[in-house]
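Please read these numbers as outputs of a predicted model, since none were measured by experiment. The chains referred to below are lettered A, B, ... by the order of the sequence lines, with proteins before strands, and numbering in each begins at 1.
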Amino acid sequence: MTLKLYNSLTKKKEVFTPLHEGFVSMYVCGPTVYDHPHIGHAKSYVSFDVIVRYLRYLGYKVRYVQNITDVGHLTDNADAGEDKILKRAQRERLEPAELVEIYTRSYFEDMDALNNVRPDISPRATAHIPEQIELVEKLVSEGFAYPSKGSVYFDVQKYKEYGKLSGRKQEELEAGARVEINPEKRNPSDFALWKKAEAGHIMRWRSPWGDGFPGWHLECSAMSMKYLGQTLDIHGGGLENIFPHHECEIAQSEAANKQAFVRYWLHNNMVTVNGQKMGKSLGNFVTLKDAFRKYHPTTIRFFILTTHYRSPLDFSNEALDAADKGLERLHNAVELLRERLNNAKDGETPPHIIEKLAQYKKAFLEAMDEDFNTSGAIAVLFDLSKDVNSLLSDGQEVGRKCLEDIDTFYRQLGGDILGIIPKAFESRQKEESDALGNVMNVVINTRTELRKAKQWQLSDFIRNKLLEIGFVLDDRPDGTTWKKTK
RNA sequence: GGCGGCAUCGCCAAGUGGACUAAGGCCACGGUUUGCAAAACCGUUACCCUGGGUUCGAAUCCCAGUGCCGCCUCCA
């Protein structure tokens with residue numbers, strides 16, 4: 001089995017082979033921390049999280065770096081407008097560093113809720129100013145960049161391959177440029193490596209060109225180089241960053257290092273809301289904190305993974321409700337399995353089940369190997385669950401080993417790789433010592449007596465009333481169980 | 001205007017030349033199970049946007065058309 005992934009640079013699916021055997025260097029563009037994360041962040045980072053998890057499952061030692069942009073990302077485009085962090089800090093009357101701290105925490109909080117593994121390194125742009133200045137100096141001294149009135153620009157003419165990722169030609173860029181001509185630049189498509197800080201611009205650092213701050217594209221080059229070396233195996237990010245951000249990263253890095261910057265470029269597609277693009281200016285941003293009020297983070301994660309990462313994802317209540325029900329079905333099967341496991345008798349796994357599990361595992365891994373087809377992988381979990389439900393409900397005794405084998409399947413593929421099956425479920429509460437549990441037992445026992453006496457009206461009344469206040473009763477052949485509704 | 005993507009069952013969504021008589025989820029309708037439910041299981045529902053072409057063979061490749069979307073401002 002071989003992992004294949006779609007490389008945006010070559011526009012082809014390629015077999016993945018890392019630069020150094022057994023080791024994968026991976027860099028993903030992180031958030032600009034000036035606001036709470038939204039569902040677009042969720043799609044992007046859940047997608048790359050599964051990629052990291054899968055690479056690790058395959059045995060690669062992955063170093064996963066994801067930056068925190070806390071300076072230099074301007075509002076109008078990469079080279080003009082106000083610094084987003086600074087602007088927001090002024091509005092909220094906070095120190096930029098304070099603002100950044102608030103939203104960085106908010107970011108990790110939401111990513112943790114989505115069950116994303118933390119990056120191995122989360123470098124901040126402001127903590128790497130010397131590295132960035134050093135890179136600019138190198139580019140200037142080698143003739144790829146030029147200072148102009150306190151700022152420094154990358155001279156796009158000097159880097160012949162500019163446009164190879166985005167497919168843009170320079171002439172076209174100039175013709176269709178919406179950006180106002182900046183007289184400081186030699187060429188309109190030149191981009192800022194370093195910007196001069198005007199008086200009153202409080203986010204500023206000393207540099208050979210005077211006080212200023214780094215351009216947005218620069219941090220990714222400087223920091224990836226520092227932690228992952230001059231050639232990365234994988235660089236991920238959102239589709240919208242292909243141009244100009246990633247194109248500029250390539251130019252800077254390759255001009256400085258004289259070698260390929262990235263071997264595999266991975267880009268995830270965007271989120272729309274009710275069929276419409278989600279944009280700040282459209283006012284239809286859905287923050288994760290809002291979304292979590294309505295849907296469990298795992299539901300959102302699952303929903304994201306039912307679509308391929310390179311396909312757009314439309315966020316709507318209907319679609320989320322459907323995902324919620326689907327995930328519940330999946331969870332029900334696992335829960336049932338684990339309950340049986342709790343008081344299972346010793347017993348081996350029948351050969352036909354071993355065989356079946358092997359088939360499912362193969363199908364799952366084949367899907368993942370095809371450019372991380374999580375949708376196909378999830379389908380396998382549903383197929384398995386159908387078999388599991390049948391197995392558990394046909395009245396036969398199922399041995400412990402068999403149940404364990406199935407649970408291991410769920411834990412590894414559904415849990416470790418996809419992150420959609422929890423290690424333990426919390427909704428079912430059966431502890432005898434628990435006060436609520438005791439009360440429920442009294443209620444259930446009473447109702448069982450009523451049912452024995454065929455007092456259907458009363459027992460239905462109890463079941464309905466409990467449902468109204470958030471408890472589901474489940475009359476099974478072997479007794480009644482209860483759980484909280486979500 | 002330039003660049004790129006998408007169009008598959010009522011809805012969501014895989015599949016990108018041959019075991020496709022097209023995965024999976026949601027919904028709907030039958031049935032099994034249940035005191036009735038719930039959960040679960042079984043079953044039913046697609047000539048793959050249109051028109052040409054390539055091929056022994058196309059949802060999958062090519063051309064044209066139609067529709068939608070994204071990037072080139074903000075934004076993962």
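With its ring centre under 5.5 Å from that of the base six-membered ring and a plane angle below 30°, A:Trp456 counts as stacked on B:rG35.
The aromatic rings of A:Tyr45 and A:Tyr107 sit perpendicular to each other, their planes meeting at more than 60°, with 30° as the lower class boundary. In this pair, A:His235 and A:His246 present their aromatic rings perpendicular. The plane angle is above 60°, beyond the 30 to 60° band.
Remark: A:Asn269 is not in phosphate contact with B:rG70, judged by side-chain N or O atoms under 4.0 Å from OP1 or OP2. In this model, the phosphate group of B:rG24 is not approached by any side-chain N or O of A:Ser385 to a distance below 4.0 Å at OP1 or OP2. Remark: A:Lys483 is not in phosphate contact with B:rA39, judged by side-chain N or O atoms under 4.0 Å from OP1 or OP2. A close approach under 4.0 Å does not occur between any side-chain nitrogen or oxygen of A:Asn373 and OP1 or OP2 of B:rA14. In terms of phosphate contacts, A:Arg329 brings a side-chain nitrogen or oxygen within less than 4.0 Å of OP1 or OP2 of B:rG25. Remark: A:Lys325 is in phosphate contact with B:rC27, judged by side-chain N or O atoms under 4.0 Å from OP1 or OP2.
At the heavy-atom level, A:Asn464 lies nowhere under 4.0 Å from the strands shown. Backbone-only engagement by A:His308 is indicated by non-hydrogen atom pairs under 4.0 Å involving sugar-phosphate atoms exclusively. Looking at heavy-atom distances under 4.0 Å, A:Leu381 makes no contact with the nucleic acid at all. Looking at heavy-atom distances under 4.0 Å, A:Arg88 makes no contact with the nucleic acid at all. Using a 4.0 Å heavy-atom criterion, one finds that A:Gly40 contacts the bases of the nucleic acid, with or without backbone contacts as well. Within 4.0 Å (heavy atoms only), A:Thr272 reaches no atom of the nucleic acid at all. Using a 4.0 Å heavy-atom distance criterion, A:Ser390 is classed as a sugar-phosphate-only contact. Across all strands, A:Ala322 comes closer than 4.0 Å only to sugar-phosphate atoms, never to a base (heavy-atom distances). At a threshold of 4.0 angstrom between heavy atoms, the contacts of A:Tyr34 are confined to the sugar-phosphate backbone, with no base atom among them. No contact: A:Lys11 has no heavy atom under 4.0 Å from any strand. Across all strands shown, A:Val28 has no heavy atoms under 4.0 Å from either base or sugar-phosphate atoms.
Side chain A:Asp460 to base B:rG35: a donor-acceptor pair is found below 3.5 Å.
Going from the C1' atom of B:rC9 to that of B:rA46 covers 5 Å, rounded to whole Å. Taking atom C1' in both B:rA23 and B:rG30, one finds a spacing of 23 Å when rounded to whole Å. The P atoms of B:rG15 and B:rC61 are separated by 12 Å, rounded to the nearest whole Å. Rounded to whole Å, the C1' atom of B:rA58 lies 35 Å from the corresponding atom of B:rG1. Nucleotides B:rU60 and B:rU8 place their P atoms 13 Å apart, quoted to the nearest Å. Straight-line distance between the C1' atoms of B:rA59 and B:rA7: roughly 11 Å, to the nearest whole Å. On the P atoms, B:rG2 is 42 Å away from B:rC20, given to the nearest whole Å. Rounded to the nearest Å, the gap between the C1' atom of B:rG43 and that of B:rU33 is 15 Å.
Between the side chains of A:Glu184 and A:Tyr153, a donor-acceptor pair is found at a separation under 3.5 Å. Side-chain contact annotation: A:Asp120 with A:Tyr227, donor-acceptor N/O pair under 3.5 Å absent.
Sequence order on RNA chain B of the closest nucleotides to A:Ser311 and A:Arg447 puts A:Ser311 first from the 5' end. Each of A:Ile378 and A:Glu370 has a nearest nucleotide on RNA chain B; the 5'-most of these lies closest to A:Glu370.
Relative to the side chain of A:Asp475, the nucleotides B:rG35, B:rA76, B:rC74 differ in distance, and B:rG35 lies closest. Out of B:rA13, B:rG70, B:rG35, the shortest distance to the side chain of A:Leu239 is found at B:rG70. Residue A:His38 has its side chain nearest to B:rA76 when only B:rA40, B:rA76, B:rG70 are considered.
In this entry the base of B:rA19 is syn relative to its sugar, with a glycosidic angle within 90° of 0.
Taking CG of A:Leu86 as the reference point, atom OH of A:Tyr34 lies at 14.0 Å (rounded to 0.5 Å).
The closest side-chain heavy-atom distance from A:Phe364 to A:Leu418 is below 4.5 Å.
More than 12 non-hydrogen atoms from other residues, nucleotides or ligands lie less than 6.0 angstrom from NZ of A:Lys164.
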